[in-house]
Asker: 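Just dropping this structure here.
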2 protein chains.
Amino acid sequence: MSTKKTSLKDIAQKAGVSTALVSYVLNGKEKESRVGQEIAIKIRQIAAELNYQPNHLAKSLRSGKTHTIGLIIADISNPFFANIARVVEDEAKHNGYTVIIGSSDENADKSRDLLDVLINRQVDGFIIVSSEHSELQIHYLKDKNIPFVLLDRYFPEIQTDFVSTDHYQASYEAGVHLIKNGYRRIGMIAYDSQMFHMQERIRGYLDSFENNKLESKKSWLKQIRITNIENGVKEAIDELMNANEPVDSLLFATYSLAINGLKYINELKLRVPADLGIVSFGQAEVFELYQCPITYLKQPIVLLGKTAVELLVKKLKDNVNEPAQILMKAELIERASSESKPNSSI
Amino acid sequence: MSTKKTSLKDIAQKAGVSTALVSYVLNGKEKESRVGQEIAIKIRQIAAELNYQPNHLAKSLRSGKTHTIGLIIADISNPFFANIARVVEDEAKHNGYTVIIGSSDENADKSRDLLDVLINRQVDGFIIVSSEHSELQIHYLKDKNIPFVLLDRYFPEIQTDFVSTDHYQASYEAGVHLIKNGYRRIGMIAYDSQMFHMQERIRGYLDSFENNKLESKKSWLKQIRITNIENGVKEAIDELMNANEPVDSLLFATYSLAINGLKYINELKLRVPADLGIVSFGQAEVFELYQCPITYLKQPIVLLGKTAVELLVKKLKDNVNEPAQILMKAELIERASSESKPNSSI
DNA sequence: AAAGGAAGCTTAAACGATTAAGCTGACAAG
DNA sequence: CTTGTCAGCTTAATCGTTTAAGCTTCCTTT
């Protein structure tokens, strides 16, 4: 096996022409560059014979384009992000792009590191699920004119392209759904985060009371540290259930919170929905498997991912810069965990 | 914002020296190349001032090394692979490598495409979770002398490096565990695949009967098409449960099979483990959340991933070629789903 | 004083591709 | 016969690095 990759030069030599000519032909520029018919055919044939594969590195070095997209997410081992990654991977490939994925662990420093590594690798652009306190990075990208699209989360005070779920409306819908089904003391477990998407989820929850002329208690909203999920969720549930008047239902703001919460609810031998109605963000097969299938807010993952890639690719190709800001609706998938209360009114 | 990236040339100009000297200094070769103390310091300082970041593409083009690893898995949206991917990503980064992930969907054609794309991108080496019928690809890599390590699955008839779980022993242990706990009519749901790892899982299951002097029925083993998981699993379970003497327990050969099976078992209102004991491959939070926590075989994901990366990096760096073939034990995590039968013997 | 050696640089080719610009020869038009 | 045009090529610079080889000085040694 002669292992040497064949280069333009090899083809040129074999055809008895210059590399320039070969390049023109193989890039389909024979017309513009007035290459002879016969020699063009010959070149193509030799290229095929030698199984020529252009060297991406050389191409990229010259053109400044790597046809690579950097995808920064919180954690690829989280099903929500894994699914996003899959969609982005497929859609990018479809457009001739390769994806490099990096997990930031919701940590601004890590995401900054990732950004640097990937910029260094000359990715053409980014799709980013932002972490808390990463505003500076976004400004940096804007200043440096590096194309990017924010996914699922955005900063309302920064003017950027983004594709996101309408977190407010999703949460609001969840609240209304529970109220409609007769629940009155609805707790919410969310992260203690200033990220806009989390604030929106909380706002939606709170507004669902207000707009239905119900009172809510501050103590029903529990915000826990992302660094202390397991214990945080347990404590939150303990407090909510041991209160004078315990909550009758619970809204989980994320998949991870739900996983931990549901586990603990199992341990406590609480019956769902009899003792506790449940609605959660984040779809997953998991929710179908629980003692009682869980009602959840299904985010339009495929559409989110596809749209983000499309947007980015358009920016990369056309170099256009009309910012696109797209909000998509989540769908409430009703399951048994939030069933109508037996003697419910409204 | 002057957006131009600073290159060696810029530094050289500002320092009034040649680019060669700058390159030597910034690569720490001042000693070998007899660069003057003062000028070295000056160069370093200017590099820092201009925030110099070497151009990966140029480096790679020259050196032939991209410091990139291709990771080919079945599907990033499957938790098992997502976790693998995460570990590989982290470990690779630790070693100065970047990972490009591709999903093959257990399809040899797709994985062949992926391979080509990534070879074209000049990845230095591969970590591969092989698909069925992909032997040719492996031979191709060997012929071309492209370094790779197989992960989790390997071909016994091809001499390669690999890091894998001992699938036989895992399955065997699962069988023995069920038998010990009083189950006698143990079914298995596996893929209809000739892949070695699947065959090993089946062999382990069968041997657990034999070595305990129990008889097994052929009809207890159900192998279903990977392209028809949902219905396949349902039909299999129907057949197993509607037989004259239905099985009293079930071993799922993979995570996906288990997810589908458990869902259906829920629908059938079967009680676990009273009506049906369960053991499954593939850890996941999911299994803790079921109506009754599921006993599972925990593969050493972190170790698998880390070791694969270490092995590959060693091959890439030292260019050594003693093939390493590593088998790791899975751990049986006992939960309620395979509890001792009330009136069990042995 | 001449030769040798080393310290401290520079030069230039190479990696593989792209592309503007230039060169050559044939043919047509005047 | 001269000039112009154009088809059909080649040349050479360029992207940013690396690195073998060569070139000056200057110092040491005999």
Asker: Relative to Tyr52(B), does Lys5(B) satisfy both conditions: NZ or CZ under 6.0 angstrom from the six-membered ring centre, and within 45 degrees of the ring's axis?
Answerer: no
Asker: Determine: side-chain N/O of Ser23(B) to OP1/OP2 of dT18(D), distance under 4.0 Å, yes or no.
Answerer: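 It does, given that an N or O in the side chain of Ser23(B) lies less than 4.0 Å from OP1 or OP2 of dT18(D).
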Asker: Let me know, please, whether Ser33(A) or Lys29(B) comes out on the 5' side of the other along DNA chain D by nearest nucleotide.
Answerer: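 With Ser33(A) and Lys29(B) compared, the 5'-side residue is Ser33(A).
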Asker: Got a sec? Which of residues 52-61 of chain A come in under 4.0 Å of DNA chain D, heavy atoms?
Answerer: Leu61(A)
Asker: Tell me which of Gln37(B) and Leu8(A) sits closer to the 5' end of DNA chain C, going by the nucleotide each one is nearest to.
Answerer: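 Looking at the nearest nucleotide for each, Gln37(B) comes out on the 5' side.
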Asker: Find the distance Asn27(A):CG to dG16(C):C1' and express it as a whole number of Å.
Answerer: 13 Å
Asker: Among side-chain atoms of Glu89(A) and Ser103(B), is any donor-acceptor pair under 3.5 angstrom?
Answerer: yes
Asker: Can you say whether a donor on the side chain of Tyr24(A) sits under 3.5 Å from an acceptor on the base of dA7(D), or the other way round?
Answerer: no
Asker: State, without any angle test, whether Ser164(B) and Asp152(B) hold a side-chain donor-acceptor pair at a distance under 3.5 Å.
Answerer: no
Asker: I'd like a table of atom pairs between the protein and nucleotides 4-7 of chain C - only N or O on both sides, under 3.5 Å - with the distance next to each one.
Answerer:
unit_1 : atom_1 : unit_2   : atom_2 : d
dA7(C) : N7     : Arg34(B) : NH1    : 3.4

Asker: Mind checking if Ser18(B) touches a base, just sugar-phosphate, or nothing, with heavy atoms under 4.0 Å?
Answerer: base
Asker: What is the separation between atom CG on Asp10(B) and atom P on dC15(D), rounded to the nearest whole Å?
Answerer: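 Going from Asp10(B) (CG) to dC15(D) (P), I get 10 Å.
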Asker: Who pairs with His67(A) by ring pair (Phe, Tyr, Trp, His ring centres under 6.0 Å), at least two apart in sequence or on another chain?
Answerer: Tyr97(A)
Asker: Return the polar atom pairs (N/O with N/O) between nucleotides 12-14 of chain C and the protein under 3.5 Å, or none.
Answerer:
unit_1  : atom_1 : unit_2   : atom_2 : d
dA14(C) : N3     : Arg62(B) : NE     : 3.3

Asker: Under 3.5 Å, is there a donor-acceptor pair between the side chain of Ser111(A) and the main chain of Ser131(A)?
Answerer: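 Between the backbone of Ser131(A) and the side chain of Ser111(A) there is no qualifying donor-acceptor contact (under 3.5 Å).
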Asker: Could you verify whether a donor N or O on one side chain and an acceptor N or O on the other, from Ser104(B) and Arg112(B), lie under 3.5 Å apart?
Answerer: no
Asker: May I have the distance from Lys9(B) (atom NZ) to dG16(D) (atom P), rounded to whole angstrom?
Answerer: 7 Å
Asker: Between the side chains of Lys65(A) and Asp124(A), is the shortest nitrogen-to-carboxylate-oxygen separation below 4.0 Å, so that they form an ion pair?
Answerer: no
Asker: Would you mind reading off the bend of the helix from dA1(C)-dT30(D) to dG30(C)-dC1(D) from its two end axes, five pairs each, to 10 degrees?
Answerer: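 What I find for the helix from dA1(C)-dT30(D) to dG30(C)-dC1(D) is an axis angle of 70°.
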Asker: Check whether more than 12 heavy atoms from other residues, nucleotides or ligands sit under 6.0 Å from atom NZ of Lys93(B), and answer yes or no.
Answerer: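 Yes, the 6.0 Å shell around NZ holds more than 12 heavy atoms from other groups.
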Asker: Is it possible for you to check whether Lys31(A) lies under 6.0 Å from the centre of the six-membered ring of Tyr24(A), through NZ or CZ, and within 45° of that ring's axis?
Answerer: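 No, cation not above the ring by the 6.0 Å, 45° rule.
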Asker: Ring pair (Phe, Tyr, Trp, His ring centres under 6.0 Å) with Phe162(A): which residues, sequence neighbours excluded?
Answerer: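 If we apply the ring pair (Phe, Tyr, Trp, His ring centres under 6.0 Å) test to Phe162(A), skipping adjacent residues, the hits are Tyr154(A).
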Asker: Would you mind reading off the distance between Leu21(A) atom CG and dC23(C) atom P, rounded to a whole angstrom?
Answerer: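 These atoms are roughly 18 Å apart.
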Asker: Is a side-chain N or O of Asn27(B) found less than 3.5 angstrom from the main chain of Lys29(B), in a donor-acceptor match?
Answerer: no
Asker: Do other residues, nucleotides or ligands put more than 12 heavy atoms under 6.0 Å from Glu157(A) CD?
Answerer: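 Count over threshold, so yes.
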